[in-house]
Student: 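Quick one: the structure is below, questions incoming.
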Protein chains: 2
Amino acid sequence: MDKELSERRKKILTALIDSYISEAEPISSSAIQEKYLPDVSSATIRSELATLEEMGFLTQPHVSAGRIPSSKAYRYYVDNILEISDDDTEQIKSILETKYDSIKEIVKDGAKVVSDITNYTSMLMISSTDNIVINDVKLVDMYDGTALVLVVTNNGTIKDKDIKLPENNVKNYIEVANGLLYRSFAGKKLVEIVHSHNIIDAQLHDFKEVFEQVLNLIIDYKKNREEQVVIEGKDKIFNYPEYNDINNVKNFISIVDNKDKLHEIVDEKDGSIEFSVKIGKDADEKLEDMAVVSAKYKMNGEEIGQLGVIGPQRMNYKKVLAVLKEIGKMFEDLENNK
Amino acid sequence: MDKELSERRKKILTALIDSYISEAEPISSSAIQEKYLPDVSSATIRSELATLEEMGFLTQPHVSAGRIPSSKAYRYYVDNILEISDDDTEQIKSILETKYDSIKEIVKDGAKVVSDITNYTSMLMISSTDNIVINDVKLVDMYDGTALVLVVTNNGTIKDKDIKLPENNVKNYIEVANGLLYRSFAGKKLVEIVHSHNIIDAQLHDFKEVFEQVLNLIIDYKKNREEQVVIEGKDKIFNYPEYNDINNVKNFISIVDNKDKLHEIVDEKDGSIEFSVKIGKDADEKLEDMAVVSAKYKMNGEEIGQLGVIGPQRMNYKKVLAVLKEIGKMFEDLENNK
DNA sequence: AATTAGCACTCACGACAAATGAGTGCTAAA
DNA sequence: TTTAGCACTCATTTGTCGTGAGTGCTAATT
């Protein structure tokens, strides 16, 4: 279908996008001729441009202006033209290496690293916690007849507020409760627990309260983790001239400051897609004139989160994708060396 | 000094500020006459305005425009004119009550509540953790030769990653370590601990590693807490026409997204000041055309944090201060009822 | 001495017109 | 199929002018 573009048209389209990515100005036929295709005349390029426009790849702000790429053009560019060469990779790698001492730092503030290198606003989202497995639940005796709840998962330990214990025979109570808690929760996935409120009823009446508190703790934890979104470098957006328009800024802020919207845009139904590139409102109603590039990262086969950038449509896709890929490789290395 | 304004001048200044707060337009002498002072002529008001301008309370965008209040005017207004009546308080109270079921909700997302009621961007900052006292430090036996560190403070429990234990005789090791940890840390303030790295040297060599890990945990905790800033309702800023100017928006974002700057602006050397109102760049170089109103909250005599709003200079100081005060009262009630 | 009416003056703002020039589409020739 | 040439379009810039809001000043009034 759309893949049938002649080489020259591809070349013209690429020239147009490259130029627009760096200049943010409509490009004229003669500009393309001078800088990218000196062997043909501007008139030829003009007729090619007319065809490309008919095909929906280009638009013209007005009749006496040059052309700018449409969302479809970026889409085509990312899908069919863009290639990340070893050179690009090498370059990114060396930037990553000189800027950050260890991969640990990158994991910790991944969003900041990505934002700094790409020069776009970046976002880090923690993945669904459905598959976290609880290894054990323990009460630890504290003071004043309270106990601390520890929920040990395959992904770290959750702890939260103390819970109150019944007055008498605390030591014994905790022991029995720990046994019950272990039998009820250990080995279960978070998602199972959250959806099976009836666990409580099956238990002994004396421990009902403790169970409820533990359950709430787990539910809260799940909810909080899933809402977690880190945004870095919001002010980088002002580097791009399209964000001299207050309406674009409003739009940007309203997306970036709204966790739910961000999730909606980034979350991919298809679990197997590693890199996601959403361009313009064809991809999502809210993304007018914007683009989101994101990657899913895994650790030991388990999805741990998504990292990406959000910026103007005329984004440096090559660089962004190279950075995200390179970080992916670093994760792999980290996994293998351990 | 500046306190010597005649009643009529006060009245005019108040009229000007009130009008500008709601309209965001320069006010002319005749407008003041019509709406606020029908008993004198506009010419009289004009000459008063000229004097007020000379005194630095007013500025004129250009010669054929009305006047707008300067930072100094707002300052004077807040310090010498503004009074919060019982009526205002009642009104805020009823809004708070109808909007939020319990004080708990307000504590939990204080920033959101304040932003919703005032209609300004709000911020919540956790206070210095210097005075948090450690009650105990405990290792809890986990699996695979690891232990979880629990640091119990008068302000909740900190837990963090597991730490590795020496291979043999785990149970005994933990017991001894717990004793040592208790003796080293219990009763000390966070600030003391962070500044006394030499604790380690005094301890037995076998436990050096555990001590270091615990110490790092405490230091990290302190650092993280202090950096914590919650911002709510950033997009509310677009409700105010001064933020149709992209430069003001840039300025706003750069302040609001920069924890350090915010701390710098809000942090008050004088520990006794409860309400702080900073207006314009007289107060802080970065606050060009903006104002920050914030309050310090205490619980059991201990400062727990600051809550406030940031917005245009022509802020509804009355409402904002009333809301912050009312929330303060709720804290007091909460304390007394417990 | 304070207030006021009256009037000349300033200046932002919007409307309109004219000039400019960048870039196009089309046509006819190579 | 490509290209040179040219007429055409239209955003942008610049300049002029009229309008009106609001002021500052002065002279008269209380």
Student: Salt bridge check, Arg314(A) against Glu242(A): does any charged N sit closer than 4.0 Å to a carboxylate O?
Tutor: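 Yes.
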Student: Out of dA4(D), dT24(C), dG24(D), which has the shortest distance to the side chain of Gln60(A)?
Tutor: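 Comparing dA4(D), dT24(C), dG24(D) against the side chain of Gln60(A), the answer is dT24(C).
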Student: Between Arg75(A) and Asp282(A), does any side-chain N to carboxylate O distance fall below 4.0 Å?
Tutor: no
Student: Reading DNA chain C from 5' onward, which residue's closest nucleotide shows up sooner: Ala43(B) or Gly66(A)?
Tutor: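 Closer to the 5' end of DNA chain C: Ala43(B).
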Student: Ignoring backbone atoms, establish whether Ser28(A) has a side-chain N or O less than 4.0 Å from OP1 or OP2 of dA22(C).
Tutor: no
Student: Any base atoms under 4.0 Å from Ser29(B), or only sugar-phosphate, or nothing? Heavy atoms, all strands.
Tutor: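 Sugar-phosphate: the residue Ser29(B), judged by heavy atoms under 4.0 Å, touches backbone atoms but no base.
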Student: Is Glu83(A) paired with Lys318(A) through a side-chain N to carboxylate O contact shorter than 4.0 Å?
Tutor: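 No, this pair does not count.
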Student: Could you tell me how far apart Gln33(A) (CD) and dT2(D) (P) are, to the nearest whole angstrom?
Tutor: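 Result: 14 Å.
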Student: Name the closest nucleotide to the Arg8(A) side chain, picking from dT2(D), dT4(C), dT3(C).
Tutor: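 That would be dT2(D).
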Student: Ignoring the backbone of Ala50(A), work out which of dG25(C), dT3(D), dC25(D) is nearest its side chain.
Tutor: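 Given the options dG25(C), dT3(D), dC25(D), the side chain of Ala50(A) is closest to dG25(C).
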Student: Mark yes or no for whether Lys319(A), through its side chain, and Ile117(A), through its backbone, hold a donor-acceptor pair below 3.5 Å.
Tutor: yes
Student: Of the candidate nucleotides dT10(C), dC25(D), dT24(C), which contains the atom at the shortest distance from the side chain of Arg46(A)?
Tutor: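 The answer is dT24(C), which lies nearest to the side chain.
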Student: Rounding to an integer number of Å, can you tell me how far Glu48(A) CD sits from dG25(C) P?
Tutor: 13 Å
Student: Side chain of Ser41(B): nearest nucleotide among dT3(D), dT23(D), dT4(C)?
Tutor: dT4(C)
Student: Out of dT23(D), dA12(C), dC10(D), which has the shortest distance to the side chain of His62(A)?
Tutor: dC10(D)
Student: How many whole angstroms separate atom CD of Glu25(A) from atom C1' of dA22(C)?
Tutor: 12 Å
Student: First locate atom CD of Gln306(B), then atom NE2 of His263(B), and finally report the distance between them rounded to the nearest 0.5 Å.
Tutor: 7.5 Å
Student: Let's see if you can work this out: which of dG20(D), dG25(C), dT9(D) has an atom nearest to the side-chain heavy atoms of Ser64(A)?
Tutor: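 Of the options given, the side chain of Ser64(A) lies nearest dT9(D).
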Student: Atom CG of Leu49(A) and atom C1' of dT3(D): how far apart are they, to the nearest Å?
Tutor: 15 Å
Student: Given atom CD1 of Ile68(B) and atom P of dT23(D), what is their separation to the nearest angstrom?
Tutor: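 Between P of dT23(D) and CD1 of Ile68(B): 13 Å.
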Student: Can you tell me the distance, in whole Å, between the CD1 atom of Ile27(B) and the P atom of dA21(D)?
Tutor: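 Result: 17 Å.
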Student: Between P on dA21(D) and CZ on Arg67(B), what's the gap in Å once rounded to a whole number?
Tutor: 17 Å
Student: From the list dT4(C), dT24(C), dG24(D), which nucleotide is the closest neighbour of the side chain of Glu53(B)?
Tutor: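 The answer is dG24(D), which lies nearest to the side chain.
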Student: Please determine, for the side chain of Val63(A), which listed nucleotide (dC10(D), dT4(C), dT24(C)) has the closest atom?
Tutor: dC10(D)
Student: Provide, to the nearest angstrom, the distance between the CG atom belonging to Leu52(B) and the C1' atom belonging to dT23(D).
Tutor: 15 Å
